[in-house]
Novice: 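Structure in structure tokens, see below.
Chain letters run A, B, ... following the sequence lines, proteins first, then strands; residues in each count from 1.
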2 protein chains.
Amino acid sequence: MTNTPLTRSEAKDLTRRRLIRAALEILDKEGEAGLTTVKVAKAAGIAQSSFYVHFKDKQDLLRALGDEGGERLRRAMREARRQAREAPTELESHRDTFRIPLDAISRHPELLRIQLRARHDPSSPLREFATETAKAYRDHHAADLAALGYTADNERDRRRLEMIAEGINAATNALAIGHIEGRYPEIEEAVDVLVALSRGALRWLRATQTGS
Amino acid sequence: MTNTPLTRSEAKDLTRRRLIRAALEILDKEGEAGLTTVKVAKAAGIAQSSFYVHFKDKQDLLRALGDEGGERLRRAMREARRQAREAPTELESHRDTFRIPLDAISRHPELLRIQLRARHDPSSPLREFATETAKAYRDHHAADLAALGYTADNERDRRRLEMIAEGINAATNALAIGHIEGRYPEIEEAVDVLVALSRGALRWLRATQTGS
DNA sequence: AATTTCACCGATAGTACTATCGGTGAAACT
DNA sequence: AGTTTCACCGATAGTACTATCGGTGAAATT
């Protein structure tokens, strides 16, 4: 194994990353209640008091976790999108709309779990992260709807599109969790279901767009 | 105001219900982290130490909250179903499948919030409550699919129906939260969206049922 | 080579909460 | 009327965690 001839700031940065990594794992496995400076520091291999060399306080760590989580998620989405761009047909491209988030989530399941938990917890400092993440997914689906020519020119239609994007997003998350937990081994099967649900919404939009 | 000529056990029962009521409110407003015996007891108007007259420990309270929450939810679902039984047409009856959970949730929004939070929190003693509640909703939707003649005779179809029920359920919860938060003021509009999503899934099932 | 910087350490003060204990008075029982 | 029961109380021991502080040695700087 290679030695560690690190400069001081490199070593500090490494420790900081170890702390964040450990914190994310503990957060995922034990929840926010189990996230203590004692456990995080120990898991990162330093003394509890040294935690404060890297973070002002626990709140500061949570903030960093939100940033890091968002960063990872955007990276995963970008990567999934990059792979999808090689998709040949237009049909495939529509399937991609659903495959991209599923792939991104599968890459970092802990982020979805943490997000879903924080989303409805008024006491969680990660709520901002959860809200932003949810918005990113919703925008993703809203962009898909817009690309298919479904736009809103009044309040009612705007609400409809938002509800559809939110519903599809929630279904995507639920199936992603099921996939992570092993109940739905095949991502393509989940994509099938999401495409079917989505088509129902689109058909309804078309049927009611010009009429009443 | 009426006096309180209560027997001892009546008074104790009243206090116990006050504790559960206070605990549910604190849980909803401040999350599990904010739920302490100090706050619950104070909110119920008794001393912190008297909390232990009614519950063995905090765990015991959480267990009681799960029971109480499940009870309230089942009552709300039953009541909503009772009202729905007066539905005239078959179309209305199908809409009711989605209106019932939405109504039930609107009646006790705190229970959904608590459930969604606990569902993915490994440290939460309320996880069982969350799992059971989620199952109750899923069964509700699965029963609807069965009533429409969609049954599974192989593994793949079983998975499909489960994924659809789970997806619809997740969408229902998401729209219910949106309704509670005021973004979707009209329940009927949410029902429209859910019906549309559902129809897409049913159409897909029909199209692929006998073929490939 | 001498000096400074600083990531890390152990010890510990402070805080918040859980759970127990002995005491009290009014309700319930005899 | 006398006795027992028990819901509730204040006090407090015990536990877990946060955050601070002075000290240390090796890296960085001079």
Novice: Under 3.5 Å for both donor-acceptor distances, Watson-Crick or wobble: does D:dC9 have a partner, and if so which one?
Specialist: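 Answer to the pairing question: C:dG22, which forms a Watson-Crick or G-U pair with D:dC9.
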Novice: Could you state the CZ-C1' distance from B:Phe51 to C:dT18, rounded to the nearest angstrom?
Specialist: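 Taking CZ of B:Phe51 and C1' of C:dT18, I get 10 Å after rounding.
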Novice: With the side chain of B:Ser49 defined as its heavy atoms from C-beta on, choose the nearest nucleotide among D:dA7, C:dA19, D:dC9.
Specialist: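 When the side chain of B:Ser49 is considered, D:dC9 is the closest of D:dA7, C:dA19, D:dC9.
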Novice: Kindly point out which of D:dA28, C:dT18, C:dC9 is positioned nearest to the side chain of A:Thr7?
Specialist: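 Nearest listed nucleotide: D:dA28.
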Novice: Round to a whole Å and report the spacing from CD of B:Glu32 to P of C:dT18.
Specialist: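 Rounded to whole Å, this separation is 12 Å.
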Novice: Any side-chain N or O of B:Thr15 below 4.0 angstrom from OP1/OP2 of D:dA7?
Specialist: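 Negative; the distance criterion is not met.
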Novice: Quick one, A:Leu175 and A:Val191 - any side-chain contact, counting heavy atoms below 4.5 Å?
Specialist: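 No. Closest side-chain heavy atoms not under 4.5 Å.
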Novice: Would you mind telling me which of C:dC9, D:dA28, D:dG10 lies closest to the side-chain atoms of A:Ser50?
Specialist: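 Selected nucleotide: C:dC9.
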Novice: Take atom CG of A:Asp57 and atom P of D:dT18, then tell me their distance rounded to the nearest Å.
Specialist: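 Value for this atom pair: 11 Å.
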Novice: Which nucleotide sits closest to the side chain of B:Gln48: C:dC17, D:dA11, C:dC8?
Specialist: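 Nearest to the side chain of B:Gln48 among the choices is D:dA11.
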Novice: In whole Å, I'd like the distance from the CZ atom of B:Arg16 to the C1' atom of D:dC6.
Specialist: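 Spelled out: CZ on B:Arg16 to C1' on D:dC6 is 17 Å.
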Novice: Establish, from distance only, whether the side-chain atoms of B:Thr37 and B:Gln48 form a donor-acceptor pair under 3.5 Å.
Specialist: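 Side chains of B:Thr37 and B:Gln48: pair found under 3.5 Å.
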Novice: Please report the distance, rounded to the nearest Å, between CG in B:Leu19 and C1' in D:dA7.
Specialist: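 Those two atoms, CG and C1', are 12 Å apart.
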Novice: In this structure, how many angstroms lie between the P atom of D:dA16 and the CD atom of A:Glu30, rounded?
Specialist: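 Taking atom P of D:dA16 as the reference, CD of A:Glu30 is at 14 Å.
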Novice: Output yes when A:Arg158 and A:Glu162 qualify as a salt bridge under the 4.0 Å nitrogen-oxygen rule, no when they do not.
Specialist: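 The answer is yes: the pair qualifies as a salt bridge.
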Novice: Nearest-Å distance, OH (B:Tyr52) to C1' (C:dA19)?
Specialist: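 After rounding, the reported distance stands at 5 Å.
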Novice: D:dC8 P sits how many Å from B:Lys12 NZ, rounded?
Specialist: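 Spelled out: NZ on B:Lys12 to P on D:dC8 is 8 Å.
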Novice: From C:dC8, C:dA26, D:dC9, pick the nucleotide closest to the side chain of B:Arg8?
Specialist: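 Within the option list, the nearest is C:dA26.
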Novice: Looking only at the side chain of B:Val53 (C-beta and beyond, no hydrogens), which of the listed nucleotides D:dT18, C:dG10, D:dA7 gets closest?
Specialist: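 Closest of the options to the side chain of B:Val53: D:dA7.
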Novice: Is the closest basic N to carboxylate O distance between A:Glu79 and A:Arg82 below 4.0 Å?
Specialist: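 Yes, A:Glu79 and A:Arg82 are salt-bridged.
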